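All chains are named by letter (A, B, ...) in the order of the sequence lines, taking the proteins before the strands, and each is independently numbered beginning at 1. Because the structure is predicted, anything quoted here is derived from the model rather than measured.
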2 protein chains.
Amino acid sequence: MMLDSETKAVELPEDHGTELRLWLRLLTCTTLIEGEVRSRLRERFDVTLPRFDLMAQLDKAPDGMTLSDLSKRMMVSNGNVTGLVERLVESGHLDRRTSDTDRRVQFIRLTKLGRAEFRKMAAEHETWIADIFGDLSHKDIRELMRLLAKTKASAQRSAKARTP
Amino acid sequence: MMLDSETKAVELPEDHGTELRLWLRLLTCTTLIEGEVRSRLRERFDVTLPRFDLMAQLDKAPDGMTLSDLSKRMMVSNGNVTGLVERLVESGHLDRRTSDTDRRVQFIRLTKLGRAEFRKMAAEHETWIADIFGDLSHKDIRELMRLLAKTKASAQRSAKARTP
DNA sequence: CCAAATTGCTTGAAGCTTAAAGAAATTCCG
DNA sequence: CGGAATTTCTTTAAGCTTCAAGCAATTTGG
């Protein structure tokens, strides 16, 4: 890409319409599904999607995670996580403990209540997702997984190239 | 799905892990790309992604659109669009005019300034997207388009089934 | 024609999100 | 050791987003 634009005779406007259409379609799919999941979470459990996502991360780490880990995994800003955690501690779903060896670090865990509620939600959530993707064959799914992995790698390469 | 769960002998917990993993991967891709685009828009043009998206919709409708149309196309709430439009009118990018035949309706258009700025941004934006998807072959793109179309249809079917 | 339902938009409260700046603790390295 | 850089987390301001309630205009169906 960078080589191209330097090698090329000035700048013939190329056709990038297909990539753009692909991106818009990808975005539409995600927005659609996200909205559906958000709605069902609110309706069934009166919980927001960000809270569910945060609890999902913690459920995978029984010994807890730091705020930084959470922020990296969830791909959101640090300050965002600070606020989310605060509200979830307030509601009794989370537990925070300062590290013994590094007083900057906080370990966050699900409380017993938090874990129990999350597990209940997660079970239903999984069936929603299965239904939402229900018209795709196993082969479709495999193929999508492969192509999205490639997409992710491509996007990461592009992002990295910009921020050296 | 509905038939299944009624026909089936109570509820054997099925394996829906692959669908869930697919959803998470889809979400990761979108979040990654969205973040990258957001960053570049801010850096290059000091504009937010929602404003860019809104202007993109309007650019396709030279005669203007109503707030409801915008909200449907962008898949966000009505109130959200009200605020976005307000700020963009304020900054001179948008123009609002009440319909002659229905005094509830407002037609929103890009101003000359708005259109000029958007076109400049859109041209660069398209090259970013092309680069972000740059590692995908034409065949990959065609295949992804097809599978995402199927995904979208499946998600819409699922959403519709829930809200009759 | 008119009451009821619908449509288009706005408002308000709560929560989410980012970017940027800053505070506190730790690590690096000369 | 000790100052500089880095890391972890919080705070702040601005903006985005949803949901629910509400207002005004229009359409619908008796």
Side-chain angles (χ1 to χ4, degrees), chain A residues 27 30-32 34-55 64-91 93-94 96-108 163, chain B residues 27 30-32 34-55 64-91 93-94 96-108 163:
Chain A
L27 189 54
T30 300
T31 305
L32 194 61
E34 210 171 51
E36 186 60 20
V37 171
R38 186 194 310 282
S39 244
R40 298 199 199 198
L41 280 174
R42 171 175 296 271
E43 197 173 281
R44 278 286 289 133
F45 302 109
D46 194 32
V47 76
T48 65
L49 186 50
R51 288 180 202 207
F52 179 81
D53 284 345
L54 196 152
M55 290 196 273
M65 302 175 64
T66 67
L67 288 181
S68 292
D69 288 340
L70 275 170
S71 134
K72 271 177 211 114
R73 297 277 184 95
M74 297 177 68
M75 299 197 281
V76 299
S77 68
N78 265 344
N80 191 345
V81 173
T82 295
L84 275 170
V85 165
E86 205 167 70
R87 288 184 286 272
L88 281 164
V89 167
E90 174 67 26
S91 65
H93 294 84
L94 263 47
R96 68 199 311 172
R97 183 170 48 82
T98 302
S99 163
D100 294 330
T101 60
D102 186 338
R103 274 180 301 174
R104 288 169 306 180
V105 176
Q106 312 243 4
F107 290 107
I108 314 294
T163 317
Chain B
L27 189 53
T30 301
T31 306
L32 194 61
E34 211 173 49
E36 186 61 21
V37 171
R38 185 195 311 283
S39 226
R40 297 199 199 199
L41 280 174
R42 171 176 295 272
E43 196 174 282
R44 278 287 288 131
F45 302 110
D46 194 32
V47 75
T48 65
L49 186 50
R51 287 179 202 209
F52 178 81
D53 284 345
L54 196 152
M55 290 196 274
M65 301 174 68
T66 67
L67 288 182
S68 293
D69 288 340
L70 275 171
S71 133
K72 271 178 210 112
R73 297 276 184 96
M74 297 178 70
M75 299 196 281
V76 300
S77 69
N78 264 344
N80 191 348
V81 174
T82 294
L84 275 171
V85 165
E86 205 167 71
R87 288 184 287 272
L88 281 164
V89 167
E90 174 67 25
S91 65
H93 293 85
L94 261 48
R96 68 199 310 172
R97 183 170 47 83
T98 301
S99 162
D100 294 330
T101 60
D102 186 339
R103 274 179 300 173
R104 290 169 305 179
V105 176
Q106 312 242 8
F107 290 106
I108 315 292
T163 317

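Look at B:Ser68 and you'll find a side-chain N or O under 4.0 angstrom from OP1 or OP2 of C:dC9. OP1 and OP2 of D:dT18 both lie 4.0 Å or more from every side-chain N or O belonging to A:Thr48. The phosphate of C:dC16 has OP1 or OP2 within less than 4.0 Å of a side-chain N or O from A:Arg51. Between B:Asn80 and D:dT18 there is a side-chain polar atom (N or O) within less than 4.0 angstrom of OP1 or OP2. Taking 4.0 angstrom as the limit, B:Arg87 places a side-chain polar atom (N or O) nearer than this to OP1 or OP2 of D:dC16.
Among D:dA25, D:dT18, D:dC9, the nucleotide with an atom closest to any side-chain atom of B:Asp102 is D:dA25. Listed nucleotides: D:dA25, C:dC9, D:dT18. Nearest to the side chain of B:Ser77: D:dT18. Nearest to the side chain of B:Gln106, among C:dT10, D:dT18, C:dA19, sits C:dT10. Taking every side-chain heavy atom of A:Leu84 into account, C:dC16 is the closest of C:dC16, D:dT8, C:dG8. When distances run from any side-chain atom of B:Arg96 to the nucleotides D:dT18, C:dA25, C:dT10, the shortest one goes to C:dT10. For A:Asn78, the listed nucleotide lying nearest its side chain is D:dC9; candidates were C:dT18, D:dT18, D:dC9.
Comparing A:Lys72 and B:Met75 against DNA chain D, the residue whose closest nucleotide sits nearer the 5' end is A:Lys72. Each of A:Ser39 and A:Thr82 lies near DNA chain D, and the nucleotide nearest A:Thr82 is the one positioned closer to the 5' end.
In terms of heavy atoms, B:Thr98 sits closest to B:Arg103 at CG2-O, 3.8 Å.
For the atom pair OG1 of B:Thr66 and NZ of B:Lys72, the computed distance is 6.5 Å after rounding to the nearest 0.5 Å.
Note: CD (A:Glu43) to P (D:dC19) measures 11 Å, nearest angstrom.
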Using side-chain contact (heavy atoms from CB on, under 4.5 Å), reason through A:Arg38 and A:Arg42 one step at a time and then give a plain yes or no. CA-CA 6 Å; A:Arg38 186 194 310 282; A:Arg42 171 175 296 271; 5.8 Å; no

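Residue contacts shown for A:Thr98 are absent, as no nucleic acid heavy atom lies under 4.0 Å away. B:Ser99 comes within contact range of no nucleotide atom at all, as no heavy-atom separation falls under 4.0 Å.
Between B:Arg51 and B:Leu88, the closest side-chain pair of non-hydrogen atoms falls below 4.5 Å.
Interface remark: the B:Arg104 side chain does form a donor-acceptor pair with the C:dT7 base, using a distance-only criterion of under 3.5 Å.
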